[in-house]
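Notes to accompany the following structure.
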2 protein chains.
Amino acid sequence: MKRYRQSVILELVTHEPICSQDDLSRRLRGRGFHATQATISRDIKELQLVKRAADGAYERTASTTAGRPGAEATVRRAVGEYLRRVDQVQQLLVLRTDPGGAQPLALAIDRAELPEVVGTVAGDDTILLITRHARAGREVTRLFEGWARG
Amino acid sequence: MKRYRQSVILELVTHEPICSQDDLSRRLRGRGFHATQATISRDIKELQLVKRAADGAYERTASTTAGRPGAEATVRRAVGEYLRRVDQVQQLLVLRTDPGGAQPLALAIDRAELPEVVGTVAGDDTILLITRHARAGREVTRLFEGWARG
DNA sequence: CCTGACGCCGAATAACTATGCAGCAGCACG
DNA sequence: CGTGCTGCTGCATAGTTATTCGGCGTCAGG
């Protein structure tokens, strides 16, 4: 129960701006969790989130940002199977696959929640992958190319 | 006055655990600054500190450590000189400039490492600017429009 | 000297978060 | 069973932070 709820909190927080615990409580309710602000306060402490003063949103720290081990194996396999080419333009990567391969690959990438990856947009055979900056883009490129070769 | 106080806040926060704004207020008093919690709240927001949930201490973010002070003045000037229009679509901003203005403006924006800005892609007279979320986009829009008018 | 605009600030207060306490499982042991 | 222990939770409230409102000083233009 608690573990599951906390993982949903992590996901919510990484994907949209959550600016208060009541806010979080409401979104959890939308996913079938009932938890009071008190419980969420404790969850947030255990998850070691931080609250940005600039906009009040909660954020994961580096320690919690490492993706789940299972997801990494999945994305690794998906990259090996689908990825055909990578082009980098600053902090954007354009990934090419065979026709129809973009959706499953993008899904796997999203699930992995790689810290360098801000988000993806997938068409049919092309994915636009957005990283935080060019350096991160290069890292992801190297990572993926390694997986594609292996 | 304000600048000086804020730099002292940064120093205090990096060297010892400060867990509340009243705490900070007391320590500032020890160094000859008199500021209420309200003022400190505003300072902390401007300094873009984050509060760790784990222990409640304030912490600097990468951007406050990395961003050079000159960069903000530069981007300010660049916005005033080049920016002609801003359109927002959720967390994306489309910035228009006169022909040829996109590259230098994007460069200045990148250098400033604004925390709300994830990245930019510049063409000749158009920049796609990616922010973390719509709220951040609105802030950046207001910020830039203010600079463009000034 | 006005006057308006602007930036900074404090007091009060609204909004948000942490925590002491008590209740309720579940579980191990006698 | 009964008892004690542990982990998790909600309620109430204490503690902390953000914001609103209004005042003050500065500066530029009239």
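In what follows, chains are A, B, ... by sequence order, proteins preceding strands, each numbered from 1.
Using a 4.0 Å cut-off on heavy atoms, the residues of residues 20-34 of chain B that approach DNA chain C are B:His34, listed by number.
The residue A:Arg5 sits close only to the backbone: its heavy atoms come under 4.0 Å of sugar-phosphate atoms, none of a base. Within 4.0 Å of B:Ala35, counting heavy atoms only, lie sugar-phosphate atoms of the nucleic acid but no base atom.
Residues satisfying the side-chain hydrogen bond (donor to acceptor under 3.5 Å, both in side chains) test with A:Gln88, not counting sequence neighbours, are none. The salt bridge (charged side-chain N to carboxylate O under 4.0 Å, His left out) search around B:Lys45 returns none, not counting sequence neighbours. Applying the salt bridge (charged side-chain N to carboxylate O under 4.0 Å, His left out) rule to B:Asp22 yields no partners; only residues at least two apart in sequence or on another chain are considered.
When hydrophobic residues (I, L, V, M, F, W, Y) are linked wherever their side-chain heavy atoms come within less than 4.5 Å, the members clustered with B:Val50 are A:Val50.
Under the ring-ring contact (aromatic ring centres under 6.0 Å, His included) criterion, no residue pair touches residues 87-106 of chain A, with sequence neighbours excluded. Residue pairs satisfying the salt bridge (charged side-chain N to carboxylate O under 4.0 Å, His left out) criterion with at least one member in residues 30-42 of chain A, sequence neighbours excluded, are listed as follows: A:Glu11-A:Arg31. The ring-ring contact (aromatic ring centres under 6.0 Å, His included) contacts involving residues 90-109 of chain A comprise nothing, where partners must be two or more places apart or lie in separate chains. Among pairs with a residue in residues 22-53 of chain B, those fulfilling ring-ring contact (aromatic ring centres under 6.0 Å, His included) read B:Tyr4-B:Phe33, at least two apart in sequence or across chains. Residue pairs meeting the salt bridge (charged side-chain N to carboxylate O under 4.0 Å, His left out) criterion with at least one member in residues 88-103 of chain A, sequence neighbours excluded, are A:Arg84-A:Asp98, A:Arg96-A:Asp125.
Protein chain A contacts DNA chain C from C:dC16 to C:dG20, reading 5' to 3' and using non-hydrogen atoms of the protein with a distance under 4.0 Å. Nucleotides of DNA chain D with any atom under 4.0 Å from a heavy atom of chain A span, from 5' to 3', D:dC8 to D:dC11.
Comparing A:Cys19 and A:Arg42 against DNA chain C, the residue whose closest nucleotide sits nearer the 5' end is A:Cys19. Of the two residues near DNA chain C, B:Gln37 and B:Arg52, the one whose nearest nucleotide lies more 5' is B:Gln37.
Under 3.5 Å, the side chains of B:Arg29 and B:Ser25 contain a donor-acceptor pair of N or O atoms.
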